[in-house]
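To keep things clear, I will list the structure first and then write my remarks on it.
Model, not experiment: these values are computed from the prediction. Each chain gets a letter, A, B and so on, in the order the sequences are listed, and its residues count up from 1.
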2 protein chains.
Amino acid sequence: MRIGDVAARSGVSVRSLRYYEEQGLLQSARSASGQRLYAEEAVDRVQLIQMLYAAGLPSRRIQELLPCVETGVSTEHTRTLLLAERERIDRQMSELALARGKLDEIIGIAFDYSQPCAASRIDQVA
Amino acid sequence: MRIGDVAARSGVSVRSLRYYEEQGLLQSARSASGQRLYAEEAVDRVQLIQMLYAAGLPSRRIQELLPCVETGVSTEHTRTLLLAERERIDRQMSELALARGKLDEIIGIAFDYSQPCAASRIDQVA
DNA sequence: CTTGCCCCTGACACCGATGTGAGCTTTTAG
DNA sequence: CTAAAAGCTCACATCGGTGTCAGGGGCAAG
């Protein structure tokens, strides 16, 4: 599989795939002419990487954790990182929940709960 | 109240407070000599700004939403933004939850659930 | 007066993932 | 065979909130 295929199938830009390789997150074989060749699993791995990026892990963390994720082999270090990241994610979720609550409050006022025809107005907007 | 006081009381750097002003998120009066003077409410506003930043809203969005947040006055535009931001936050929380689940799974393997003394090992690390 | 601390403006640096463009080679389709 | 499409490397740009430094005022206490 060539890089364009992986890009298409994983929904990630070619540029990003090269970047992942540069960061040591994704390996590729090379054809005689130097083109990157990927195994099927590459797509899954890219999606895993995306998931972790979305959760706020920087490349370096992902790189440290990938061996553990793939093989299940863990060290003291990776275990510590895993717990730390989970905690960070928990904190981030709390912050999001807090802000979401505030937004809800504001939305409640903006769409004016107290008015009898609030529902219909919401419908107009939504 | 001078800028240093606001910084101390809100836990935000002086640099950031000036930046917020530059972005139209925070007003200040000026003393004769040009020093910024803040009202008490400034501290709360700064904390609100921080909350929204933490939720991933960029300055521009916050700036658009602040009037609405403060006065409760909403326009078609602000209502649209409010709903869109709430939805974005919901998506982001889902992504976090997904990644958290994955981490949990990995943690489960890393700390080896199947081993009888798993609990004590977790204690050692945590 | 002077020392020390706070404030001012303006400007540049940073990080990290991704976009973009140049210049060149390889592969593929017609 | 040829032209389009896709790959390659290298390198510079972007965004946004914040750090930091320089060079200069302001103000209170000793």
Could you tell me which non-hydrogen atom of B/I3 sits nearest to which non-hydrogen atom of B/L17, and how far apart they are?
O-CD1, 3.6 Å
What I want to find out is whether B/R79 reaches B/E76 closely enough, with some N-O distance under 4.0 Å, to be called a salt bridge.
yes
Rounded distance (Å) that lies between atom C1' of C/dG16 and atom CD of A/Q23:
9 Å
Is the phosphate of D/dC8, meaning OP1 or OP2, less than 4.0 Å from a side-chain N or O of A/R18?
yes
Between A/Y20 and A/A32, name the one whose nearest nucleotide on DNA chain C is closer to the 5' end.
A/Y20
Separation of C/dT26 P from A/Q35 CD (nearest whole Å):
9 Å
Does the side chain of A/S59 get closer than 4.0 angstrom to OP1 or OP2 of C/dA17 through an N or O atom?
yes
Checking side-chain hydrogen bond (donor to acceptor under 3.5 Å, both in side chains) for the pair A/R30/A/Q35: CA distance, chi angles, key distance, verdict?
CA-CA 5 Å; A/R30 295 297 182 116; A/Q35 299 203 346; over 6 Å; no
N/O (side chain, A/S31) to phosphate O (OP1/OP2, C/dT26) under 4.0 Å
no
A/R88 side chain reached by A/L57 side chain, heavy atoms, under 4.5 Å
yes
Please tell me if A/S33 has a side-chain N or O lying less than 4.0 Å from either OP1 or OP2 of D/dC8.
no
Output the rounded distance in Å from CD (B/Q63) to C1' (D/dG17).
16 Å
Does the side chain of A/R15 get closer than 4.0 angstrom to OP1 or OP2 of C/dA17 through an N or O atom?
no
Provide, to the nearest angstrom, the distance between the CG atom belonging to A/D5 and the C1' atom belonging to C/dT27.
12 Å
Quick one about B/Y20 and B/Q50 (side-chain donor to acceptor, distance below 3.5 Å, no hydrogens or angles considered), yes or no?
yes
Given atom CG of A/L25 and atom C1' of C/dG16, what is their separation to the nearest angstrom?
12 Å
Mind calculating the distance between CZ (A/R30) and P (D/dG7) to the nearest angstrom?
12 Å
OP1 or OP2 of C/dA17 sitting under 4.0 Å from any side-chain N/O of A/Y19?
yes
Just how far, in rounded Å, is P of C/dC7 from CD1 of B/I3?
7 Å
Whole angstroms only, please: what is the OH-C1' distance between A/Y53 and C/dT18?
10 Å
Looking only at side-chain atoms of A/R2, point me to the closest of D/dG7, C/dG19, D/dC8.
D/dG7
Report yes if a side-chain nitrogen or oxygen of B/Q50 is closer than 4.0 Å to either non-bridging phosphate oxygen (OP1 or OP2) of D/dT18; otherwise report no.
yes
